[in-house]
Amino acid sequence: MMLLRYAVFRLLSMLLTLWVVSILVFIIINLPPGDYLSNQIAELRATGQAEGIAKVEFLRKEYALDRPIWEQYFIWVGMMPGPNGFSGLLQGDFGWSFEFDRPVGDIVGDALWLTVLVNLAAVLFVYAVALPLGILAAAKSETWVDYTAGFIGYLGLATPNFLLALILFYYGNKYFDLPIGGLMGPEFEGEPMSWDKVKSILLHLIVPTFVIGTSGAAAMMQRLRANMLDELSKPYVETAIAKGMAPSRMLAKYPLRMAFNPFVADIGNLLPAMVSGSVLVSVVLGLQTIGPSLLTALKSQDQFLAAFVLMFVALLTLIGTMVSDLLLVLLDPRIRYGGRET
């Protein structure tokens with residue numbers, strides 16, 4: 001019951017935070033002088049295209065860009081009626097992309113689930129690699145196992161993602177016949193889900209998962225190793241060994257549990273870091289994620305598309321933070337709900 005109350009409290013605080021983030025995102029997006037349509041109007045006037053100017057002016061009124069900034073925000077969120085009534089984020093209308101001349105929902109529709117899929121695979125890869133390597137490096141400190149794990153970790157941190165993508169782009173296809181470009185075979189794009197399409201997606205996920213997850217796995221492995229070594233140096237470890245407890249059992253029962261808290265807490269930072277860090281990788285590998293769309297939107301000042309993508313990243317951050325908080329409460333009884341111990 002206490003956990004349920006805490007979960008409800010965290011959900012409400014997450015929604016409040018998301019609202020504040022939406023305000024900040026909208027303000028930041030509108031900080032640079034002008035916007036996509038203003039730049040378009042200036043370009044059309046310079047070339048004397050009167051018909052094009054009329055169309056752009058119509059779009060400004062259609063999407064309330066001729067109104068004060070505070071009205072634009074409330075119309076965008078869907079808390080205030082615009083030219084088309086209540087039609088904003090709350091109603092499922094993400095706005096119009098002026099760069100692509102299509103609704104934002106149509107542009108990011110498939111890209112959203114592909115982005116979640118790629119980054120979820122990368123997160124699973126991070127934990128699958130960092131957990132065993134971090135534990136082994138700490139348990140076998142100052143041995144060849146520790147030095148090898150450390151070398152792998154530093155190599156992963158030092159290698160830029162886009163460079164690693166280019167290397168695997170070439171050698172993965174040359175020696176292992178791994179597909180390059182996209183997240184599925186071209187024959188499956190736009191087709192309903194099938195077992196062959198799933199196999200194609202899984203095969204295409206190998207290179208992006210490795211590239212995006214490498215630096216995160218390296219950093220987390222080093223952090224877990226440091227936490228484990230700190231715990232292993234404490235007196236209770238020597239006491240447990242002196243009482244005859246098997247080293248493997250002692251390692252799993254005490255130091256690992258204590259060192260695992262920061263490991264779990266990193267979930268909140270890992271998801272958005274993966275999304276933002278995969279932008280260049282997505283461009284290099286030709287992935288159909290929201291990364292290239294965000295890059296294009298920011299360059300062209302396509303405000304509705306850029307704002308939605310940033311809100312999506314913020315939502316991932318908040319969801320990751322909430323999940324990590326709930327897992328911490330379950331893992332560590334010392335965590336308090338609202339001032340009371342569990």
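- One finds the OG1 atom of Thr17 at 11.5 Å from the CG atom of Leu315 (value rounded to the nearest 0.5 Å).
- Under a hydrophobic-cluster definition in which Ile, Leu, Val, Met, Phe, Trp and Tyr are linked whenever side-chain heavy atoms come within less than 4.5 Å, directly or via other members, Val20 and Phe312 are assigned to different clusters.
- Leu24 and Met14 fall into different hydrophobic clusters, where Ile, Leu, Val, Met, Phe, Trp and Tyr side chains are chained together by heavy-atom contacts under 4.5 Å.
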Let me have the donor-acceptor pairs involving side chains of residues 136-143, under 3.5 Å, with sequence neighbours excluded, atom names and distances please.
unit_1	atom_1	unit_2	atom_2	d
Thr143	OG1	Lys140	O	2.5
Thr143	OG1	Val145	N	3.4

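- Every pair passing salt bridge (charged side-chain N to carboxylate O under 4.0 Å, His left out) that includes a residue from residues 68-83 is listed here, sequence neighbours excluded: Arg67-Glu71.
- Taking the six-membered ring for Trp and thresholds of 30 and 60 degrees, Trp70 and Phe74 have ring planes more than 60 degrees apart, a perpendicular arrangement.
- Of all heavy-atom pairs between Met220 and Ala130, the closest is CB-CB, 3.9 Å.
- Atoms CG and CZ, on Asn227 and Arg223 in that order, are 8.0 Å from each other to the nearest 0.5 Å.
- A pairwise comparison of heavy atoms in Val126 and Gly213 identifies CG2-O, 3.4 Å as the closest pair.
- Nearest heavy atom pair, residue Gln72 against residue Gln303, reads OE1-NE2, 4.1 Å.
- Atom CZ of residue Arg10 and atom CG of residue Leu15 lie 10.5 Å apart, to the nearest 0.5 angstrom.
- Hydrophobic clustering (side-chain heavy atoms under 4.5 Å, transitive across Ile, Leu, Val, Met, Phe, Trp, Tyr) keeps Phe9 apart from Leu326.
- The minimum heavy-atom distance linking Asp302 with Trp96 is given by the pair OD1-O, 4.0 Å.
- Checking Thr209, Val123, Leu205, Ile201 one by one against Val118, the side-chain contact (heavy atoms from CB on, under 4.5 Å) holds for a single residue, Leu205.
- The ring-ring contact (aromatic ring centres under 6.0 Å, His included) test applied to Phe26 returns Tyr73, Trp76, not counting sequence neighbours.
- One distance of note links CD1 of Ile28 with CD1 of Ile23; it measures 12.0 Å at 0.5 Å rounding.
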Exercise for the section: Take Val309 and Val104 through the side-chain contact (heavy atoms from CB on, under 4.5 Å) test and state the conclusion after the steps. Expected result: CA-CA 10 Å; Val309 175; Val104 171; over 6 Å; no

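- Proximity of Arg225 to Leu133: side-chain heavy atoms (C-beta onward) are nowhere separated by under 4.5 Å.
- Across Gly134 and Leu224, no two heavy atoms sit closer than the pair CA-CD2, 4.2 Å.
- Here the shortest heavy-atom pairing between Pro132 and Tyr127 reads CD-O, 3.9 Å.
- Tracing side-chain contacts under 4.5 Å through hydrophobic residues (I, L, V, M, F, W, Y), one reaches Phe125 starting from Leu202; they form part of the same cluster.
- Hydrophobic clustering of Ile, Leu, Val, Met, Phe, Trp and Tyr side chains at less than 4.5 Å, counting indirect connections, keeps Phe86 apart from Met79.
- For the atom pair CG of Leu16 and CG of Leu11, the computed distance is 11.5 Å after rounding to the nearest 0.5 Å.
- Here the CD1 atom belonging to Ile69 is positioned 3.5 Å from the CG atom belonging to Asn30, to the nearest 0.5 angstrom.
- Side-chain atoms of Gln91 come within 3.5 Å of backbone atoms of Gly88 as a donor-acceptor pair (strictly under, hydrogens ignored).
- At distances below 3.5 Å, not a single donor-acceptor pair connects side-chain atoms of Ser200 with backbone N or O atoms of Asp196.
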